[in-house]
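Read through the structure below, which is laid out as structure tokens, and then see the notes.
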Amino acid sequence: MNYDDFYCEPSESDLAIQELKEHLKNEVKSEIINELEQLKKENAELQDIKKNKSKLENEYKEKIRQLELEYKEKERTLYKRPLKELVEIIQEEYYYVCQENLEKEKCDKCNEKRQLELTDCYGRKHYVDCICNGTYKSKFIVKEKYIGNIPEISKKDDKLHMWLDFRYEKCCNKEDYYASSIHFDKGDLIYNFDDLISKNEEDILDRLKKGFYFSCYTFSKKEEAQKLADYLNKEIEKLEEK
């Protein structure tokens, strides 16, 4: 009997241990494989995050650069704005509303000088003005006025201020021409009649009743000035009817 053969035969316990080893080996292998797969997945996600992070950082830097450029451009624009606003309001011709003094129509009772010849009881002749020798106010009309000299331009609080004089003739060739200057800026101009009347109607009607002038309102457009003239003429008719 060969005892070596007997002892080489694996016992049931040996087989069980062997099976247990194989089972554990497979489980560990499977677990390692799963963990590796999970790590690969997480690593891929981290790579995406890393790429996105880099992209977001680049986008952020680009946005900062754009904002800095916009800020500098706005800063330059703000610096130039007062001059631009000043240039915008300088135009050759402006408009205002007024009434003209017109001569009354001559009657047939006076001489060429619009005088009446009277003789007193001593036969002496006297001359007195006829009632037609006078003027009356026209309806409100639109007239032009022009920028004359601009003797001074100054800058204060990031705003340009201009002093000028208006003249009522397009050309003035007098060498000794002089007129006192007034302060003038964008706020002095009227661009829209509706805006003017909505904010100043009470004051305008009060000025009309007191016979004040309206040349203080300077219009940039003739058609808007004409709207004020039409409005005032209608209001005068209402006052005359009372």
Side-chain angles (χ1 to χ4, degrees), residues 89-120 124-151 162-185 187-242:
I89 68 173
I90 296 178
Q91 58 190 64
E92 183 181 11
E93 189 171 277
Y94 297 88
Y95 307 93
Y96 68 102
V97 171
C98 68
Q99 289 175 293
E100 290 188 324
N101 289 321
L102 302 177
E103 283 191 346
K104 293 180 180 178
E105 186 177 355
K106 188 181 178 308
C107 69
D108 58 356
K109 297 179 175 60
C110 55
N111 61 23
E112 67 279 0
K113 295 182 179 180
R114 298 197 181 211
Q115 293 178 327
L116 296 173
E117 183 182 297
L118 303 177
T119 305
D120 62 21
R124 293 174 298 186
K125 293 182 179 181
H126 304 273
Y127 295 92
V128 296
D129 289 336
C130 180
I131 59 173
C132 73
N133 187 17
T135 60
Y136 67 96
K137 286 188 175 181
S138 69
K139 288 186 175 183
F140 282 97
I141 59 173
V142 175
K143 297 196 74 174
E144 299 81 16
K145 60 181 179 180
Y146 309 88
I147 285 184
N149 296 319
I150 305 178
M162 178 171 61
W163 281 261
L164 54 79
D165 66 85
F166 280 112
R167 61 194 185 196
Y168 297 91
E169 296 178 5
K170 194 166 187 178
C171 296
C172 185
N173 297 321
K174 297 179 181 178
E175 293 183 359
D176 60 346
Y177 172 77
Y178 173 80
S180 59
S181 58
I182 60 171
H183 180 261
F184 185 67
D185 62 26
D188 295 323
L189 280 176
I190 299 168
Y191 297 90
N192 185 279
F193 166 75
D194 293 330
D195 290 341
L196 171 68
I197 203 67
S198 65
K199 298 174 183 177
N200 302 278
E201 185 169 23
E202 185 176 344
D203 178 64
I204 287 173
L205 291 176
D206 185 60
R207 294 178 68 85
L208 183 64
K209 291 176 183 178
K210 293 178 179 179
F212 291 169
Y213 295 123
F214 289 88
S215 55
C216 56
Y217 297 116
T218 302
F219 290 83
S220 63
K221 295 181 180 179
K222 188 174 183 178
E223 55 267 28
E224 295 301 316
Q226 186 61 52
K227 290 178 183 178
L228 175 60
D230 295 340
Y231 172 85
L232 293 173
N233 288 328
K234 288 181 181 178
E235 291 301 320
I236 283 182
E237 291 179 2
K238 292 179 184 178
L239 291 174
E240 292 174 347
E241 290 174 358
K242 292 182 179 180

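Being a predicted model, the structure only gives us computed values, none of them experimental.
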Quick one: closest heavy-atom pair of [X] and [Y], and the distance?
X: Cys107; Y: Cys132; value: N-SG, 3.6 Å
X: Val142; Y: Ala229; value: CG2-CB, 4.3 Å
X: Tyr96; Y: Ser215; value: CD1-CB, 3.8 Å

Inter-residue atom distance [X].[atom1] - [Y].[atom2], 0.5 Å rounding:
X: Cys216; Y: Arg207; atom1: SG; atom2: CZ; value: 4.0 Å
X: Leu102; Y: Thr135; atom1: CG; atom2: OG1; value: 8.0 Å
X: Tyr231; Y: Asp194; atom1: OH; atom2: CG; value: 11.5 Å
X: Glu235; Y: Glu201; atom1: CD; atom2: CD; value: 7.0 Å
X: Lys234; Y: Lys139; atom1: NZ; atom2: NZ; value: 11.0 Å
X: Ile141; Y: Gln226; atom1: CD1; atom2: CD; value: 9.5 Å

Can you sort out the partners of Phe140 under ring pair (Phe, Tyr, Trp, His ring centres under 6.0 Å), two or more places apart, ordered by chain and number? Phe214
When you look at NZ of Lys227, are more than 12 heavy atoms from neighbouring residues, nucleotides or ligands closer to it than 6.0 Å? yes
With a sphere of 6.0 Å drawn around CD of Glu117, does it hold more than 12 non-hydrogen atoms of other residues, nucleotides or ligands? yes
For Glu237 and Asn233, which I'm curious about, is there any donor-acceptor pair between the side chains at under 3.5 Å? no
Going by distance alone, is a donor N or O of one side chain under 3.5 Å from an acceptor N or O of the other, for Tyr217 and Glu224? no
Side chain to side chain donor-acceptor pair (under 3.5 Å) partners of Asn133, counting only residues at least two apart: Asp129
State plainly whether the residues Asp195 and Lys199 are in salt-bridge range, i.e. N to O under 4.0 Å. no
Pick from Phe219, Tyr191, Phe166: which one makes a ring pair (Phe, Tyr, Trp, His ring centres under 6.0 Å) with Tyr94? Phe166
Enumerate the side chain to side chain donor-acceptor pair (under 3.5 Å) contacts for residues 97-109, please, sequence neighbours excluded, ordered by first and then second residue. Glu100-Lys143
Counting only N and O atoms by type, is there a donor-acceptor contact under 3.5 Å from the side chain of Asn200 to the main-chain atoms of Ile204? no
Got Leu208 and Leu239 here, is their nearest side-chain heavy-atom distance under 4.5 Å? yes
